[in-house]
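These values consider heavy atoms only, across backbone and side chains, with no hydrogens, waters or symmetry-generated copies. In what follows, chains are A, B, ... by sequence order, proteins preceding strands, each numbered from 1.
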2 protein chains.
Amino acid sequence: MSKRENVTADILKQTIAILKAEGSSGVTMRQVANKTGITLSNLQYYFPDRTKLFQAMCEFFFRQCEKTILSELSTINVNDRASTNGFIKKLLEMLIVDGINDYDHSIFRELWALMLRDKELAETVHRFYRNYANWLVQLISQFTPCPEKVVSLLIPYADGYEIMGADLPLERNAIVEMLSEIISQMTRKK
Amino acid sequence: MSKRENVTADILKQTIAILKAEGSSGVTMRQVANKTGITLSNLQYYFPDRTKLFQAMCEFFFRQCEKTILSELSTINVNDRASTNGFIKKLLEMLIVDGINDYDHSIFRELWALMLRDKELAETVHRFYRNYANWLVQLISQFTPCPEKVVSLLIPYADGYEIMGADLPLERNAIVEMLSEIISQMTRKK
DNA sequence: ACCTGAACACCGTTCAAGT
DNA sequence: ACCTGAACACCGTTCAAGT
């Protein structure tokens, strides 16, 4: 790793840490520089303005995400290949998460807001979602004849549930049950 | 309306306008004061700090939202009472919206981020979602024996779809079709 | 009760200057 | 190629002072 790569990786890690802890308004150029242990001017040498820093942070974040997700998905694949029902349940338990459990979800929420005012960052987020959808389709295609339907149902639902799932008339268990039924009906029918 | 009510309403309207146009980082105390035509100090008399301004803005925004939604829902109710299928389609067309069409959705995205760092604002958002879910349950209960299921499926899905629906393997029409089938199967079964 | 302006520490960005 | 510090206009907040 070149010096440039090392320094920028440090900067982006600190940026993500601050974003997670304090939100996008907490990510100031001076704060990032301080936590990284460099001067403001030096930070600006690597990232000439705040927008560029956010864009790079976004790409860095998704590179990490992709590693995590791919290893999680491969885990599920090995253990539960046997039964279709067990597989679906495992997948649902993984995807349908309460907003309180935030580990990386808070960063997604910040990105959804930042997307509105930064087209390049928005394209990075959309690219991630397209990749994510493709992986899921590929994984699920072993278990159902309509993986595109299942994925098109689950990904948006998981994002929305994370925001306001706690305010729904049904409890999480009932919702997982409902989704499980919907998917097995889809799978049976065709 | 008292003077206080008039001034605060003006302030909050301008706050929402700026939030929609420039995002939460664009909502500065000085900018809000300028657009409202009052001094910074005077704005601070009505809203002692930025957090209080955001909280009041959030409540004001949802009061407007509730009016809009209730009138939209009553419209759907009158025209399509006749056929259950027609009613569901109308409802889906209303709820499943692409992120590009943003009218008020951009404000929701900002609020989802602000919720993470302001518990009072978060409670206001959750209260809105609970009300929204209750109205939908009530409206839908005429057409299906399991309105809680339908609502618990549709609201999170609509929020998630607005963010990343464009990145799914299925087109919007196919998705509306899929959801329509799912709901009519739910309705038939019981 | 309502409104004002000065002053504080902090912010992003620019720039001329160093190695 | 990499790093620095001073200076700019802007920010939220505090405060003492007015009507």
Side-chain angles (χ1 to χ4, degrees), chain A residues 1-58 60 110-111 113-121, chain B residues 1-58 60 110-111 113-121:
Chain A
M1 279 227 284
S2 70
K3 162 144 203 185
R4 180 168 203 100
E5 284 170 331
N6 272 320
V7 176
T8 54
D10 280 353
I11 292 170
L12 296 177
K13 280 176 201 165
Q14 293 300 332
T15 303
I16 290 174
I18 299 171
L19 184 67
K20 204 181 296 195
E22 305 177 36
S24 65
S25 70
V27 179
T28 70
M29 296 295 277
R30 288 165 216 260
Q31 172 106 258
V32 171
N34 278 342
K35 297 251 182 181
T36 312
I38 61 178
T39 61
L40 170 63
S41 314
N42 198 9
L43 171 60
Q44 288 171 310
Y45 170 72
Y46 291 102
F47 300 99
D49 59 39
R50 205 164 165 264
T51 302
K52 290 265 170 43
L53 175 63
F54 275 128
Q55 288 166 352
M57 174 271 292
C58 185
F60 188 84
E110 302 289 350
L111 295 180
L114 292 172
M115 282 172 80
L116 296 167
R117 268 94 204 171
D118 184 336
K119 289 202 170 186
E120 188 164 326
L121 191 149
Chain B
M1 279 230 282
S2 71
K3 162 142 203 188
R4 182 169 200 100
E5 286 172 329
N6 271 320
V7 177
T8 54
D10 280 354
I11 292 170
L12 297 176
K13 280 177 200 165
Q14 293 299 332
T15 303
I16 289 174
I18 299 172
L19 185 67
K20 202 181 298 196
E22 305 177 35
S24 64
S25 70
V27 179
T28 71
M29 296 293 278
R30 288 165 216 261
Q31 172 106 255
V32 171
N34 278 341
K35 296 250 182 181
T36 313
I38 61 178
T39 62
L40 170 63
S41 317
N42 198 9
L43 171 60
Q44 288 170 310
Y45 170 71
Y46 291 102
F47 299 99
D49 58 38
R50 202 164 167 264
T51 301
K52 291 264 172 42
L53 176 63
F54 275 127
Q55 289 166 352
M57 174 270 293
C58 186
F60 188 84
E110 303 288 349
L111 294 181
L114 292 173
M115 283 172 79
L116 295 167
R117 270 94 205 171
D118 184 336
K119 289 202 170 186
E120 188 163 326
L121 190 148

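Applying the side chain to side chain contact (heavy atoms under 4.5 Å, CB included) rule to Thr28(B) yields the partners Arg30(B), Gln31(B); only residues at least two apart in sequence or on another chain are considered.
Taking OG1 of Thr36(A) as the start and CG of Leu43(A) as the end, the distance is 6.5 Å to the nearest 0.5 Å. Separating the SG atom in Cys58(A) from the CD atom in Glu110(A) is a distance of 12.0 Å, to the nearest 0.5 Å. One distance of note links CZ of Arg117(B) with CZ of Phe54(B); it measures 13.5 Å at 0.5 Å rounding. For the atom pair Asn34(A) CG and Leu40(A) CG, the distance stands at 9.0 Å (nearest 0.5 Å).
Out of dG12(C), dC2(D), dC2(C), the shortest distance to the side chain of Tyr46(A) is found at dC2(D). Checking dG5(D), dG5(C), dC2(D) against the side-chain heavy atoms of Thr39(B) singles out dG5(C) as nearest. Closest approach to the Thr28(A) side chain among dG12(C), dC11(D), dC3(C) is made by dG12(C) (side chain taken as heavy atoms from C-beta onward).
In this structure, Ile18(B) atom CD1 and dG12(D) atom C1' are separated by 15 Å, rounded to whole Å. Rounded to whole angstrom, the span from the OH atom of Tyr45(A) across to the P atom of dC2(D) amounts to 4 Å. Here the C1' atom of nucleotide dA9(C) and the CD atom of Gln31(A) are 14 Å apart, to the nearest Å. Rounded to an integer number of Å, the gap from Asn6(A) CG to dC2(D) P is 12 Å.
At a threshold of 4.0 angstrom between heavy atoms, the contacts of Val27(A) are confined to the sugar-phosphate backbone, with no base atom among them.
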- Message: Let me check I have this right: for DNA chain D, each base becomes ., (, ), [, ] or |, based on Watson-Crick or G-U pairs with both distances under 3.5 Å. What is the full string?
- Response: ||.|||||...|||||.||
- Message: Could you go through Phe47(A) and Leu12(A), starting from their C-alpha distance and side-chain angles, then the distance that decides it, and tell me whether this counts as side chain to side chain contact (heavy atoms under 4.5 Å, CB included)?
- Response: CA-CA 10 Å; Phe47(A) 300 99; Leu12(A) 296 177; 3.8 Å; yes
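Taking only side-chain nitrogens and oxygens, Arg4(A) comes nearer than 4.0 Å to OP1 or OP2 of dC2(D).
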Can you check nucleotides 13-19 of chain C for protein contacts, nitrogen or oxygen pairs under 3.5 Å, and list what you find?
from, atom 1, to, atom 2, distance (Å)
dT13(C), OP2, Arg50(A), N, 2.9

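A heavy-atom distance below 4.5 Å is not found between the side chains of Val32(B) and Ile38(B). At a threshold of 4.5 Å between non-hydrogen side-chain atoms, the residues Leu111(B) and Leu114(B) count as touching.
Under the side chain to side chain donor-acceptor pair (under 3.5 Å) criterion, the residue pairs touching residues 44-55 of chain A are Gln55(A)-Asp118(A), with sequence neighbours excluded.
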